Amino acid sequence: MFMVLFQTTISLLWRISGNRMAAQLKSRLRARSGSVPEIQIHEPRNHMEDVPHHPLDPLTMQEIYRVRTILSTHPPFSPSFPAIHSLSLDEPRKDLVLSWKEGDPLPPRKALVIALLNGQSHVLSVDLDLGLVTSNKINRGSGYPMLTMNDISVALEVALSYKELNRSAVKRGLSPSDVTCVTPSAGWFGPSEEGRRVIKVQCFSNQGTPNFYMRPLEGLTMTVDIDKKVVVKFTDTGGEIPVPKATGTDYRFKNQKEPLKIKAINPISIEQPLGPSFTVEDGHVVKWANWEFHLKADQRAGMVISRAMLSDSETGVPRSVMYKGFSSELFVPYMDPDENWYFKSYMDAGEFGMGATAMSLVPLNDCPRNSYYMDGIFASWDGTPFVQPNMICVFERYAGDISWRHSEIPVNGFDIREARPKVTLVARMAASVGNYDYIFDWEFQTDGLIHVTVALSGMLMVKGTPHQTVDQMPSQEAASGPLVSENAIGVLHDHFITFHLDMDIDDTNNTFVKVDLVKERTLPGQSPRKSYLKAKRNVAKTEDDARIQLKLYEPSEFQVINPSRRSRLGNPAGYKIVPGGNAASLLDHLDPPQLRSAFTNNQIWVTPYNRNEQWAGGLFTYQSKGDDTLAVWSARNRAIENKDIVLWYTLGFHHIPCQEDFPVMPTVSSSFQLKPVNFFESNPDSKGGAGV
């Protein structure tokens, strides 16, 4: 670990300060360890000459500039240019993408723009070939677009110049320079906050530590009107609550003074003597083993997998598995009804953007050697493009796992020892949404399985308390969470991540099948057994049939099949979703945060494909009422049998903090799998396998 951390430090210093500083650190490392690790340098790429090669390629920098020029001449915007809250590819119709082949002309390039002007949210379609705005619709429902960095900067500027904030800081023994503030989203809690964009501002002490999250100015909350640039409400009810100490909160490697009381781990490295086995063509098309898919960065979703194709193990012909998969929304409610906490019910994708908050990945620590790094090209609030560098990485993983194995005891005349190593391909991104870091992995296996993992790390959001030990607390049960350090409570909270999975098994017309495991009892005298299980198939005909709440003692298997594609034995080709560890939202369905996040009422939903139904919390999530969510769409109870359908899956975490989560949380993860069911004629790995 020491070596890996120093490799990363060398790389960063080289990029920032030139060869001299890197060489100095390299010399120190040689003196300390007797060897020098390989230095990986990832130079920034010039994207001004990028051109699209695939119908789903994101907008290039030149295209974003062109969209801005077109918008500036659009009559409603000619007097005053709007704030751009989202500017991305308006993807072609699905049938056009499916019929396109490499070498064909691209479908017309269009941009989807969400802009805000004079309190009105505009949804615009811009035709880049025609140079025209072809559609301009004003949002008449609830909610506002995703926040921009300018919105956050404005809110912080207003808050930090507010005199009452400075007085509150001085009362706590702090100077203005000791104060760092953040901008929690306001949620929606009734008509008093409607008709204007508001945001909360809360502050912390950065005195003596960069980990200011551990040092809240408890009880201090401001509500800022973003557009009017004024503080509309200021409360400070925590003046008597001490600011938690800074001691032991700095997590940076370079500032660790105390030696570890455990034996150091020796350096570890995974080598690929012949280089990686995957290729990335034209910047976005990933090819590896029997897989091919389109990969791109997205300002809201973070990372999008499209056109996932798997070569048939018998014929080698590529077959469709999934048209599009991405994390559609996150819901993070904190469990404290206090005036300064009740509103903390974040919807991170729709409010802040997972791509917008994605930071550059750290070579060798976030991603191993031989990784391929992909940048995100996004639009800022003024419509100009910017680069989010190295926000996605692609790499091969081998961790000593086994793809399959079998041994035979020689007593039967067979002396067999067969095993295959499991080598997989991973596409990864990480978003730092305030105090929390989310790591998303899409992992592809040669046996056709897709393993999707969400890992959580970062910092707790702690609540200040006058108590330093649990013995001082009048009632631990009355607190909103356990004491994790002196004067700091780790507030209980949940995380839910909902995925949009447009499965296209061998074609667009698919069917959702729920296979129930049902206990059957034997007849008297039939068998020494008293009971056994049978699998009973239930075809979902409408959306009502496909709303699933997972139940441990009523187990089922959930398949998406193509009734028209059969194996040689007559079984329909399909994939099943295999849930991992999960959690369900326990909030009242009429609680305002749950109304907005009703997509977490079930773990599985199935809807007919609709290109306008991609964001589980609605297109306009910020301060929304929940009137345009997955739950609202599904309530229409549309037909889904033998249709182009979308599978939605929510994985969740209940987090009861503990002292080991302080000052930085160890990574925890949850996952699900998309696994072939009669898709192949047999195990595609049985005749071969990866080598290491």
Side-chain angles (χ1 to χ4, degrees), residues 86 88 90-91 93-94 112 114 121 123 125 135 137-146 188 298 300-301 304 322-331 345 347-351 496-504 508-512 514 539-550 558 560 577 584-585 587 589-652:
S86 176
S88 60
D90 189 358
E91 294 184 356
R93 291 197 328 263
K94 187 173 180 179
L112 179 66
I114 299 178
S121 300
V123 182
S125 182
S135 174
K137 298 178 181 178
I138 296 175
N139 177 40
R140 302 299 181 186
S142 69
Y144 293 100
M146 185 172 68
W188 174 81
D298 182 88
R300 181 164 177 170
V304 178
M322 182 178 72
Y323 181 75
K324 189 174 183 181
F326 60 93
S327 58
S328 176
E329 191 53 85
L330 290 82
F331 175 42
S345 51
M347 297 172 71
D348 288 330
E351 293 177 338
F496 300 102
I497 303 94
T498 297
F499 284 84
H500 173 286
L501 305 166
D502 183 0
M503 306 298 291
D504 279 358
T508 55
N509 284 5
N510 287 181
T511 294
F512 180 73
K514 180 171 174 277
V539 173
K541 298 186 178 299
T542 67
E543 290 174 283
D544 281 355
D545 300 330
R547 297 192 200 106
I548 307 295
Q549 293 181 342
L550 299 178
F558 312 103
V560 176
I577 187 162
S585 179
L587 296 179
H589 283 195
L590 297 180
D591 194 353
Q594 192 63 36
L595 282 172
R596 302 177 67 227
S597 302
F599 52 87
T600 64
N601 289 347
N602 302 301
Q603 285 74 56
I604 294 175
W605 311 69
V606 179
T607 60
Y609 171 80
N610 183 330
R611 69 191 304 246
N612 295 318
E613 296 178 1
Q614 297 200 56
W615 308 109
L619 182 62
F620 295 96
T621 303
Y622 197 83
Q623 290 181 249
S624 64
K625 301 179 185 179
D627 50 3
D628 181 33
T629 68
L630 171 58
V632 173
W633 311 331
S634 176
R636 299 169 188 157
N637 197 27
R638 296 162 290 187
I640 57 172
E641 184 181 10
N642 204 22
K643 303 282 187 182
D644 190 355
I645 57 177
V646 176
L647 175 68
W648 304 79
Y649 181 75
T650 298
L651 59 81

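Residues: numbered from 1 along the sequence shown. Keep in mind that what you see is a predicted model, and the values were worked out from it rather than measured.
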Using a 3.5 Å distance criterion without hydrogens, assess whether the side chain of Thr511 forms a donor-acceptor pair with backbone atoms of Asn642. yes
Any donor-acceptor pair under 3.5 Å linking the side-chain atoms of Gln594 with those of Thr600? yes
Can a donor-acceptor pair be found, under 3.5 Å and without considering hydrogens, that links the side chain of Asp298 to the backbone of Ala301? yes
Pair Trp615-Phe326, ring-ring contact (aromatic ring centres under 6.0 Å, His included): steps then yes or no: CA-CA 10 Å; Trp615 308 109; Phe326 60 93; 5.3 Å; yes
Measuring from Leu647:CG to Phe499:CZ, what's the distance to the nearest 0.5 Å? 12.0 Å
Smallest heavy-atom separation, Gly652 atom then Phe496 atom, equals CA-CD2, 3.6 Å
Heavy-atom check, side chain of Thr629 versus side chain of Glu329, under 4.5 Å: no
Where is the tightest heavy-atom contact between Asp544 and Ser634, given as atom of each residue plus distance? OD1-O, 4.5 Å
Donor-acceptor contact present, side-chain Ser121 to main-chain Asn139, <3.5 Å: no
Arg300/Ser86 under side chain to side chain donor-acceptor pair (under 3.5 Å): CA gap, chis, key distance, verdict: CA-CA 8 Å; Arg300 181 164 177 170; Ser86 176; over 6 Å; no
Taking all atoms of both residues into account, what is the closest heavy-atom pair of Pro608 and Ile640, and its distance? CD-CG2, 3.8 Å
Which atom names give the shortest non-hydrogen contact between Thr508 and Lys94, and what distance separates them? CG2-CE, 4.1 Å
For the residue pair Arg596 and Ser345, confirm or rule out a side-chain donor-acceptor distance under 3.5 Å. no
Mind listing the closest non-hydrogen atom pair of Glu641 and Val539 along with its distance? OE2-CG1, 3.7 Å
More than 12 heavy atoms from other groups under 6.0 Å of NZ on Lys643: no
Would you indicate whether the side-chain heavy atoms of Asn602 and Ile548 approach each other to under 4.5 Å? no
Report yes if some heavy atom in the side chain of Met503 is under 4.5 Å from a heavy atom in the side chain of Tyr323; otherwise report no. no
Show your reasoning for whether side-chain contact (heavy atoms from CB on, under 4.5 Å) applies to Glu351 and Met146. CA-CA 5 Å; Glu351 293 177 338; Met146 185 172 68; 6.0 Å; no
Can you classify the ring geometry of Phe599 versus Phe331 as parallel (below 30°), tilted (30 to 60°) or perpendicular (above 60°)? perpendicular
With the side chain counted from C-beta on, respond yes when Arg638 and Ile645 share a heavy-atom pair under 4.5 Å apart, and no when they do not. no
To the nearest 0.5 Å, tell me how far His500 NE2 sits from Trp648 CH2. 4.5 Å
Side chains of Ser142 and Trp188 in contact at under 4.5 Å (non-hydrogen atoms): no
Rounding to 0.5 Å, atoms OH (Tyr609) and CG (Asn509) come to a distance of 13.5 Å
With no hydrogens and no angle check, is any side-chain donor or acceptor of Glu543 less than 3.5 Å from a backbone partner on Ala635? no
Test item: Leu550 and Phe558 side chains (from C-beta on) under 4.5 Å apart, heavy atoms: yes
Indicate the atoms forming the closest heavy-atom contact of Asn510 with Val560, along with that distance. OD1-CG1, 3.6 Å
Once rounded to the nearest 0.5 Å, what's the spacing between atom OG1 of Thr621 and atom CE of Met347? 5.0 Å
Calculate, to the nearest 0.5 Å, the distance between atoms OG1 and CG belonging to Thr498 and Leu630 respectively. 7.5 Å
Any donor and acceptor pair, going by atom type alone, linking the side chain of Ser328 with main-chain N or O of Gln614 inside 3.5 Å? yes
Glu613 and Thr607 side chains, donor-acceptor separation under 3.5 Å: no
Less than 4.5 Å apart, any side-chain heavy atom of Ile604 and any of Phe512? yes
Check whether any side-chain heavy atom of Asp504 sits under 4.5 Å from a side-chain heavy atom of Asp644, and report yes or no. yes
